[in-house]
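We count residues from 1, following the sequence as given. These numbers come from the heavy atoms of this one structure, side chains and all, not from hydrogens, waters or symmetry mates.
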Amino acid sequence: MDSDGPPSGTFVATPEGTALAYGSLVFMALLPIFFGALRSVNCGKSKNSSDMPETITGRDAARFPIIASCTLFGLYLFFKIFSQEYINLLLSMYFFVLGILALSHTMSPFMNRIFPANIPIKQYQLLFTQGSGETKEEIVNYEFDTKDMICLVISTVVGVWYILKKHWIANNLFGLAFALNGVELLHLNNVSTGCILLGGLFVYDVFWVFGTNVMVTVAKSFEAPIKLVFPQDLFEKGLGANQFAMLGLGDIVIPGIFIALLLRFDVSLKKNTRTYFYTSFLAYIFGLGMTIWVMHTFKHAQPALLYLVPACIGFPVVVALLKGELTEMFSMTCTKATPVLSWLCA
């Protein structure tokens with residue numbers, strides 16, 4: 001994941017430009033967390049195998065910071081040894097395909113609401129199997145219709161725009177889609193696993209930002225929609241602005257899947273309240289605000305999880321203690337667990 005940091009170069013942003021940039025980043029970060037959490041409650045009911053949630057277990061959570069560190073350092077070495085241009089070209093094509101699928105999936109519920117009722121809808125199915133007879137196993141079983149095809153076409157247009165222009169708006173459309181899909185489809189199996197994951201990535205983020213220049217170097221070299229950006233010189237240069245503030249998707253998705261878990265905990269209590277969801281959501285806003293404030297006070301890139309993790313874990317735990325529901329919170333377990341690292345690390 002990328003740290004939130006100031007743009008490079010000698011450009012000095014105006015107070016108005018800085019406020020707009022970071023206010024926009026905070027707003028954009030909240031969108032996939034809020035809507036991804038809401039969609040995570042019902043995503044397990046989908047008929048498509050590709051839409052089924054993947055559940056992170058405690059073992060996955062413990063291994064994740066190690067795997068993330070190896071990946072980050074590997075990318076750092078690649079950028080040092082090989083041409084940055086060719087690496088980014090290869091990665092752009094990879095994220096072009098992933099971005100189209102992610103954006104199409106994100107748009108699908110909205111398309112269902114606005115699609116004209118008088119237009120006929122045709123059903124399609126994409127099915128890949130392995131083996132035959134009784135040993136036949138489904139690899140991919142994806143059902144889609146005319147509305148999904150329209151979403152795919154729109155997403156492809158955005159993808160071509162991103163590949164040709166690398167425009168920051170196209171980058172953000174893909175980044176928001178990736179973040180929303182991550183929050184929706186990656187499920188923690190319980191709160192303890194969430195604490196292990198966030199705690200491990202807390203150490204990971206602090207080490208790679210404060211201990212080395214690896215995180216910042218990769219974030220600035222990696223031309224892929226794995227971060228949200230917003231120009232600080234928008235008032236001066238309009239949509240052609242090029243001095244960006246940035247926030248890594250990991251700083252959205254990692255706390256986001258924990259917040260989504262707390263929403264599902266709220267639902268499981270059957271009290272018709274969303275106390276823990278709103279508490280953790282406000283905690284995220286507080287933590288991200290602290291990140292921005294400290295960054296501008298000390299003029300140094302900050303590991304956002306340094307502030308987000310204590311806030312997102314601490315606030316709900318305090319509320320659970322006050323309400324006498326701490327035991328229930330930590331005993332909640334997802335009914336279905338599909339190890340996630342098997343495909344993340346494939």
Side-chain angles (χ1 to χ4, degrees), residues 1-4 22-41 56 61 64-65 176 179-180 182-184 186-206 209 228 245 247-269 271-297 302-332 334:
M1 77 193 68
D2 291 322
S3 61
D4 187 302
Y22 286 103
S24 299
L25 284 179
V26 171
F27 177 73
M28 287 191 292
L30 296 178
L31 291 177
I33 292 177
F34 186 84
F35 291 104
L38 294 179
R39 289 171 59 160
S40 76
V41 175
I56 302 176
F64 200 93
L176 287 169
L180 190 145
V183 174
E184 176 187 358
L186 293 178
H187 287 195
L188 295 163
N189 67 346
N190 55 50
V191 173
S192 296
T193 296
C195 293
I196 293 171
L197 179 66
L198 267 65
L201 290 176
F202 171 92
V203 176
Y204 157 89
D205 214 17
V206 170
V209 173
L228 298 181
L247 178 69
L249 295 190
D251 297 328
I252 301 171
V253 175
I254 298 303
I257 61 178
F258 187 75
I259 294 171
L261 173 67
L262 294 179
L263 174 59
R264 297 194 296 276
F265 173 61
D266 278 324
V267 173
S268 72
L269 292 176
K271 294 182 179 180
N272 199 30
T273 63
R274 300 293 181 265
T275 302
Y276 295 101
F277 172 64
Y278 290 127
T279 298
S280 56
F281 193 74
L282 291 174
Y284 181 85
I285 297 174
F286 172 79
L288 198 54
M290 281 293 297
T291 304
I292 296 170
W293 180 78
V294 172
M295 184 186 66
H296 280 279
T297 300
Q302 295 295 311
L305 294 183
L306 174 63
Y307 309 95
L308 292 172
V309 169
C312 290
I313 293 178
F315 283 34
V317 166
V318 169
V319 171
L321 278 171
L322 295 175
K323 291 172 65 69
E325 295 174 340
L326 189 63
T327 301
E328 291 178 79
M329 174 187 283
F330 278 87
S331 63
M332 175 213 177
C334 290

Which atom of [X] lies closest to which atom of [Y], heavy atoms considered:
{"X": "S40", "Y": "E184", "answer": "CB-O, 3.5 Å"}
{"X": "M28", "Y": "L228", "answer": "CB-CD1, 3.8 Å"}
{"X": "L288", "Y": "A29", "answer": "CD2-CB, 4.1 Å"}
{"X": "F265", "Y": "E325", "answer": "CZ-O, 4.3 Å"}
{"X": "I259", "Y": "S280", "answer": "CG2-OG, 3.5 Å"}
{"X": "V41", "Y": "R264", "answer": "CG2-CG, 4.2 Å"}

Any non-hydrogen side-chain atom of [X] less than 4.5 Å from a side-chain atom of [Y]?
{"X": "V253", "Y": "P32", "value": "no"}
{"X": "L262", "Y": "T279", "value": "no"}
{"X": "L30", "Y": "I285", "value": "yes"}
{"X": "L25", "Y": "I292", "value": "no"}
{"X": "Q302", "Y": "V209", "value": "no"}
{"X": "I252", "Y": "I33", "value": "yes"}
{"X": "N190", "Y": "M332", "value": "no"}
{"X": "V183", "Y": "R39", "value": "no"}

- Query: For the residue pair F34 and F277, does the interplanar ring angle fall in the parallel (under 30°), tilted (30 to 60°) or perpendicular (over 60°) class?
  - Reply: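 Ring orientation of F34 relative to F277: tilted.
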
- Query: Pick one: which of V317, D266, L261 meets side chain to side chain contact (heavy atoms under 4.5 Å, CB included) with Y276?
  - Reply: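 Running side chain to side chain contact (heavy atoms under 4.5 Å, CB included) over V317, D266, L261 with Y276 returns exactly one hit, D266.
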
- Would you mind telling me which of V318, L308, L198, V191 makes a side chain to side chain contact (heavy atoms under 4.5 Å, CB included) with I313?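 Of V318, L308, L198, V191, side chain to side chain contact (heavy atoms under 4.5 Å, CB included) with I313 is met by L198 alone.
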
Using 0.5 Å steps for rounding, measure from the [atom1] atom of [X] to the [atom2] atom of [Y].
{"X": "Y307", "Y": "F202", "atom1": "OH", "atom2": "CZ", "answer": "9.0 Å"}
{"X": "T275", "Y": "L263", "atom1": "OG1", "atom2": "CG", "answer": "11.5 Å"}
{"X": "I257", "Y": "C312", "atom1": "CD1", "atom2": "SG", "answer": "11.5 Å"}
{"X": "L305", "Y": "D251", "atom1": "CG", "atom2": "CG", "answer": "5.0 Å"}
{"X": "L321", "Y": "L326", "atom1": "CG", "atom2": "CG", "answer": "4.5 Å"}
{"X": "K271", "Y": "K323", "atom1": "NZ", "atom2": "NZ", "answer": "5.5 Å"}

- Item | Verdict with supporting geometry, D205 and L306, side-chain contact (heavy atoms from CB on, under 4.5 Å) | CA-CA 7 Å; D205 214 17; L306 174 63; over 6 Å; no

- Message: Could you check whether atom CZ of F330 has more than 12 heavy atoms from other residues, nucleotides or ligands sitting under 6.0 Å from it?
- Response: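 Above 12, so yes.
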
